[in-house]
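What follows is a single structure, written as structure tokens, with notes after it.
In what follows, every heavy atom counts, from backbone to side chain, and hydrogens, waters and symmetry copies are set aside.
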Amino acid sequence: MSEFDVLDELFRPSARIPIDATQTRPRITLTEPQMPQSSVEIVNVPSDLIAVNLDDNFHLDSIFQSETGRGFCKRSDYLLISVQHRCALFLEMKTSNASSSDLRKQFQGGECFLDFCDSIVKSFFDEDFLSNYVKRFAALLDTVTAKRPTQEKRPPLNDAPATMLRLKGQKRIQFNQLARLNG
């Protein structure tokens, strides 16, 4: 079974964000359910992209205590996985700015979800590939209205929650800008 077939079988279609391939550049549109006017379009996505809405579909507060302040019930809004690029991209959307501490906890929760998926793939599919994917973390801030895009001139590689990419006021973003697969 190919890696894509494993992931395709693993994730329920209702938990995914569909790719719009009707345009010349394939794209996905991400929104916050509580704030439909908060949306971002990611263009030039890989054809094998599996985009999972974690915010709507992965809840831990019915099992774990969320009142501790440690943040282990948090998770990133979206997880985008590309077999072709061997990449797992964690995205968090905010209508305004957010503290780095809160964003880190959400990305750490997203990583825990991916670790859980990795464990399922190893146990039930007898495959071992997700732990070898590069991880990228991006916070999409001020997502309600398009503003003049801002970001650091040469941000560090966003390969850990502590070094996340922070983009403000962008309504349309290139997949490669988020994934930074060439370092």
Side-chain angles (χ1 to χ4, degrees), residues 2-8 10-11 15-21 23-32 38-58 74-94 98 100 103-118 121 127-143 146 149-183:
S2 75
E3 291 179 17
F4 179 81
D5 290 338
V6 168
L7 295 172
D8 190 47
L10 184 63
F11 295 111
R16 297 187 204 178
I17 306 302
I19 295 176
D20 177 3
Q23 307 292 320
T24 56
R25 300 179 340 177
R27 64 194 70 219
I28 59 172
T29 302
L30 307 178
T31 59
E32 291 199 78
S38 172
S39 67
V40 173
E41 185 178 66
I42 301 176
V43 296
N44 288 336
V45 298
S47 60
D48 71 339
L49 187 76
I50 294 179
V52 181
N53 184 333
L54 296 183
D55 202 32
D56 284 352
N57 298 292
F58 185 61
K74 293 183 177 283
R75 71 264 177 218
S76 51
D77 290 334
Y78 295 96
L79 170 62
L80 281 55
I81 303 174
S82 172
V83 173
Q84 171 189 350
H85 295 294
R86 304 191 64 70
C87 175
L89 174 60
F90 301 89
L91 297 175
E92 179 60 33
M93 293 175 59
K94 296 289 185 191
S100 292
L103 290 168
R104 267 196 306 276
K105 288 175 183 176
Q106 291 180 277
F107 288 134
Q108 288 169 322
E111 275 187 295
C112 290
F113 176 78
L114 186 64
D115 291 344
F116 180 66
C117 293
D118 183 43
V121 167
E127 297 281 346
D128 185 13
F129 58 86
L130 280 175
S131 59
N132 298 322
Y133 279 32
V134 297
K135 296 176 185 173
R136 297 293 187 258
F137 304 86
L140 310 176
L141 308 171
D142 298 328
T143 57
T150 60
Q151 81 178 68
E152 300 173 32
K153 291 192 188 298
R154 300 275 311 162
L157 184 61
N158 55 328
D159 61 349
T163 58
M164 72 189 89
L165 180 65
R166 294 174 71 107
L167 299 173
K168 292 184 180 182
Q170 296 193 26
K171 297 293 277 179
R172 176 183 255 186
I173 306 167
Q174 299 281 331
F175 176 81
N176 287 337
Q177 181 183 3
L178 297 170
R180 297 185 64 201
L181 298 173
N182 296 331

Note to self: If you apply the rule salt bridge (charged side-chain N to carboxylate O under 4.0 Å, His left out), what do you find for Lys135 with Asp159, and how did you get there?
What the structure shows: CA-CA 5 Å; Lys135 296 176 185 173; Asp159 61 349; over 6 Å; no
Between [X] and [Y], is there a donor-acceptor pair closer than 3.5 Å when you use the side chain of the first and the backbone of the second?
X: Asp48; Y: Gln84; answer: yes
X: Lys171; Y: Ser39; answer: yes
X: Arg27; Y: Arg25; answer: yes

With rounding to the nearest 0.5 angstrom, report the [atom1] to [atom2] distance, [X] to [Y].
X: Lys74; Y: Lys105; atom1: NZ; atom2: NZ; value: 7.0 Å
X: Arg180; Y: Arg136; atom1: CZ; atom2: CZ; value: 7.5 Å
X: Gln106; Y: Glu111; atom1: CD; atom2: CD; value: 13.0 Å
X: Arg172; Y: Asn44; atom1: CZ; atom2: CG; value: 9.0 Å
X: Asp56; Y: Asp77; atom1: CG; atom2: CG; value: 8.5 Å
X: Glu3; Y: Asp8; atom1: CD; atom2: CG; value: 13.5 Å

Does the side chain to side chain contact (heavy atoms under 4.5 Å, CB included) test come out yes or no for Arg16 and Ile50, once each step is laid out? CA-CA 7 Å; Arg16 297 187 204 178; Ile50 294 179; 4.1 Å; yes
Are [X] and [Y] close enough that some pair of their side-chain heavy atoms sits under 4.5 Å apart?
X: Phe129; Y: Arg86; result: yes
X: Ile28; Y: Phe175; result: no
X: Cys117; Y: Phe11; result: yes
X: Ile19; Y: Leu49; result: yes
X: Leu91; Y: Ile42; result: yes
X: Leu79; Y: Leu114; result: yes
X: Leu54; Y: Tyr78; result: no
X: Gln170; Y: Leu140; result: no

Residue set satisfying side chain to side chain donor-acceptor pair (under 3.5 Å) with Gln108, at least two apart, ordered chain then number -> none
Looking only at non-hydrogen atoms, find the nearest pair between [X] and [Y] and report the distance.
X: Pro26; Y: Thr24; result: CD-O, 3.8 Å
X: Met164; Y: Ala139; result: SD-CB, 4.1 Å
X: Pro161; Y: Arg104; result: O-CG, 3.5 Å
X: Glu127; Y: Val6; result: CG-CG2, 4.1 Å

| Working for side chain to side chain contact (heavy atoms under 4.5 Å, CB included), residues Leu7 and Leu130 | CA-CA 10 Å; Leu7 295 172; Leu130 280 175; 4.2 Å; yes
- Message: Run Leu141 and Leu167 through side chain to side chain contact (heavy atoms under 4.5 Å, CB included) and show every step you take.
- Response: CA-CA 6 Å; Leu141 308 171; Leu167 299 173; over 6 Å; no
query = Can Thr163 and Asn158 be counted as having a side-chain donor-acceptor contact under 3.5 angstrom?
reply = no
message: side chain to side chain contact (heavy atoms under 4.5 Å, CB included), that's the test. Do Val40 and Thr29 meet it? Break it down for me.
response: CA-CA 6 Å; Val40 173; Thr29 302; over 6 Å; no
Exercise. Return the orientation label for the Phe137 and Phe107 ring planes: parallel under 30°, perpendicular over 60°, tilted otherwise.
Key: perpendicular
Please determine if Arg166 and Asp142 form a salt bridge, counting it only when a charged side-chain N lies under 4.0 Å from a carboxylate O. no
